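The structure appears right after this line, and notes come after that.
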Protein chains: 2
Amino acid sequence: MNAPKLARVIDIHALKSACSSCSLREMCLPTGLDQNEIEKLDQMVYTRKRVKRGDSVYRSEEKFGSLYAIRSGFFKTTLVMEDGRDQVTGFQMAGDMLGMDGIGADQHTCNAVALEDSEVCVIPYGRLEELSREMHVLQQHFHKVMSREIVREHGVMLLLGSMRAEERLAAFLLNLSQRFTSRGYSASEFNLRMTREEIGSYLGLKLETVSRTFSKFQEDGFISVQQKNIRILDTPGLKKVLGRDQ
Amino acid sequence: MNAPKLARVIDIHALKSACSSCSLREMCLPTGLDQNEIEKLDQMVYTRKRVKRGDSVYRSEEKFGSLYAIRSGFFKTTLVMEDGRDQVTGFQMAGDMLGMDGIGADQHTCNAVALEDSEVCVIPYGRLEELSREMHVLQQHFHKVMSREIVREHGVMLLLGSMRAEERLAAFLLNLSQRFTSRGYSASEFNLRMTREEIGSYLGLKLETVSRTFSKFQEDGFISVQQKNIRILDTPGLKKVLGRDQ
DNA sequence: TGGGAATGTTGATGTGGATCAAACCAATTC
DNA sequence: GAATTGGTTTGATCCACATCAACATTCCCA
């Protein structure tokens, strides 16, 4: 934020990515590659890009060309209706993949916006296709990533279609907690990168409802909320909220 | 339904599929293949399967092994929560692909149920992977199919998260109409294969609301409804329902 | 460092769609 | 062709969440 523009530009070009030495390898790449294969991957991902908070990696309707693996930071993807209403379709963090929506029609269909200063690895799609024709494990991995995105969205549909407000928020918190855990962060304490409005948009609720439900969870002793800081005090309690069917 | 069991079994085995002569080729396969490539595909899809109304092609948790291209008929996919609540996540018709949810964890995550007697082409997934390493166009096509499924689900999320009942149903009808059109059927008249309850489940509404909204659309002169028979009388009218933002 | 814009909380009130309930209708089955 | 069954329609009532409103807090950056 404070760095002068020039410095920033230089930084971007200086960033030679190296999957081989990336701590997120297990997250976004197939495991069990031999040295040769890892080198190929290093050639595929030859640029990283910084994205400042509020900026987008890509916007709806833009020509599709690359996928983006999040190296650090936090994103939301949003869809905008003609009448201006918009909806958050997902929150993505380090190790997650952005841009797969663009393959189908060769143009992006949503906006990917950084919620904090972030860094992505640019994966030129043509190169990925090429390499995954050569490397079976890469092909398999990529298909799994896409399939998991389909399954994740199924889950959101279930949430939006069948759950009440408390259940939605409980599911949301448990999901975040689980994802932080699998990235080596605390499962029980984290900072929300998004606003109440963005959470509401994702969960099909109004921001007031999100706020009230947070307060209720706090009264119930499930969590403690201090603005963006969340501490989960009673995971089983939250899970019970999810379980009970009314 | 009336055919004796034996006859049915024989039929199944007699069905040698041939992509090369399939009328749905444009729908579910890449275009612009040469003779050699088409022959390869014929080898990939070597069985068809009949699925009777009410039966499933696969069920949640089952081991994943194949994708299924719908050759004829109509399906729904459903998700079931632990407490029994279930949700329809999609309706699929001829030319659509089933089973991509299973790739990620090597087991299916939803149920694919036939809403009428149907027929699917079985695509062994390993074979598809293999072939798409050899054939660039097939690889591209398959990736597009998966990506489009992601985009479709984005649309459903928008619908469930941001639209009111009338908008949801209008969007649903317009979508169905469009899909029938692109398959060469009438855009303005068709029979619903699903019940009001299934429509409601898909749209996050109760069956009574679906029924009432159909009635309202009829009063408004947008459609005529006679049980499962729908006739769309005023497409622009329906589109306007979708457009207005409250 | 202070003042204004975002963002978040909480209360009072309104409403779209859920729920409950009763007919109705069409398709099977006996 | 009466009885059963699964699906649909319609009305009356209710409630979860939206909306409107006032205020509190935090975060900027001028």
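Reminder, nothing fancy here: chain letters follow the sequence lines and each chain counts from 1. These numbers were taken from a predicted model, which means no experiment stands behind them.
Under the 30°/60° scheme for interplanar angles, the aromatic rings of H108(B) and F64(B) are found to stand perpendicular. Note on ring orientation: taking the six-membered ring where Trp is involved, the planes of F91(B) and F74(B) are tilted (angle from 30° to 60°).
R53(B) places its CZ atom 12 Å from the C1' atom of dT28(C), with the value rounded to the nearest Å. The nearest whole Å value for the distance from the CD atom in E198(B) to the P atom in dG6(D) is 14 Å. K216(A) places its NZ atom 16 Å from the P atom of dT9(C), with the value rounded to the nearest Å. Between I230(B) atom CD1 and dT9(D) atom P the separation is 9 Å, expressed in whole Å. Rounded to an integer number of Å, the gap from Q218(A) CD to dG8(C) C1' is 13 Å. Look at CG on N191(A): it is 12 Å from P on dG8(C), rounded to the nearest Å. Taking atom CE on M163(B) and atom P on dA18(D), their separation rounds to 17 Å, with Å as the unit. Note: CD (E167(A)) to P (dA16(D)) measures 12 Å, nearest angstrom.
Distances from the side chain of L205(B) to the nucleotides dT19(D), dG17(C), dC17(D) place dG17(C) closest. The S211(B) side chain lies nearest to dT9(D) when the options are dG11(D), dT10(C), dT9(D). Each of dG16(C), dG8(C), dT9(D) was ranked by its minimum atom distance to the side chain of R164(B); first place goes to dG16(C). Listed nucleotides: dA18(C), dT8(D), dA18(D). Nearest to the side chain of T209(A): dA18(D). Minimum atom distance to the side chain of R212(A) is reached by dG11(C), of the listed dG7(D), dG11(C), dG11(D). Minimum atom distance to the side chain of K206(B) is reached by dT19(C), of the listed dG8(C), dT9(D), dT19(C).
Summarising the geometry of L205(B) relative to R168(B), their closest heavy-atom pair is CD2-NH1, 4.1 Å, with the distance given to 0.1 Å.
Counting any heavy atom pair closer than 4.0 Å across all strands shown, G200(A) reaches no nucleic acid atom. Using a 4.0 Å heavy-atom distance criterion, T195(B) is classed as a sugar-phosphate-only contact.
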| said: Apply salt bridge (charged side-chain N to carboxylate O under 4.0 Å, His left out) to residues D96(A) and R183(A) and explain how you reach the verdict. | reply: CA-CA 11 Å; D96(A) 289 337; R183(A) 279 158 181 82; 2.9 Å; yes
- Derivation of the salt bridge (charged side-chain N to carboxylate O under 4.0 Å, His left out) call for K216(A) and E219(A): CA-CA 5 Å; K216(A) 171 150 195 314; E219(A) 281 162 36; over 6 Å; no
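Under 3.5 Å, the side chains of S56(B) and N111(B) contain no donor-acceptor pair of N or O atoms.
The pair K239(A)-E82(B) does not count as a salt bridge, with every side-chain nitrogen at least 4.0 angstrom from each carboxylate oxygen.
Between K228(A) and the phosphate of dT26(D), there is no side-chain N or O to OP1/OP2 separation shorter than 4.0 Å.
An angle of 40°, rounded to 10°, separates the two end axes of the helix from dT1(C)-dA30(D) to dC30(C)-dG1(D), each defined over five pairs.
Remark on DNA chain D: of its neighbouring residues Q226(A) and E208(A), the 5'-side contact belongs to E208(A), judged by nearest-heavy-atom nucleotide.
Taking the six-membered ring for Trp, Y185(A) and F190(A) have ring centres at least 6.0 Å apart.
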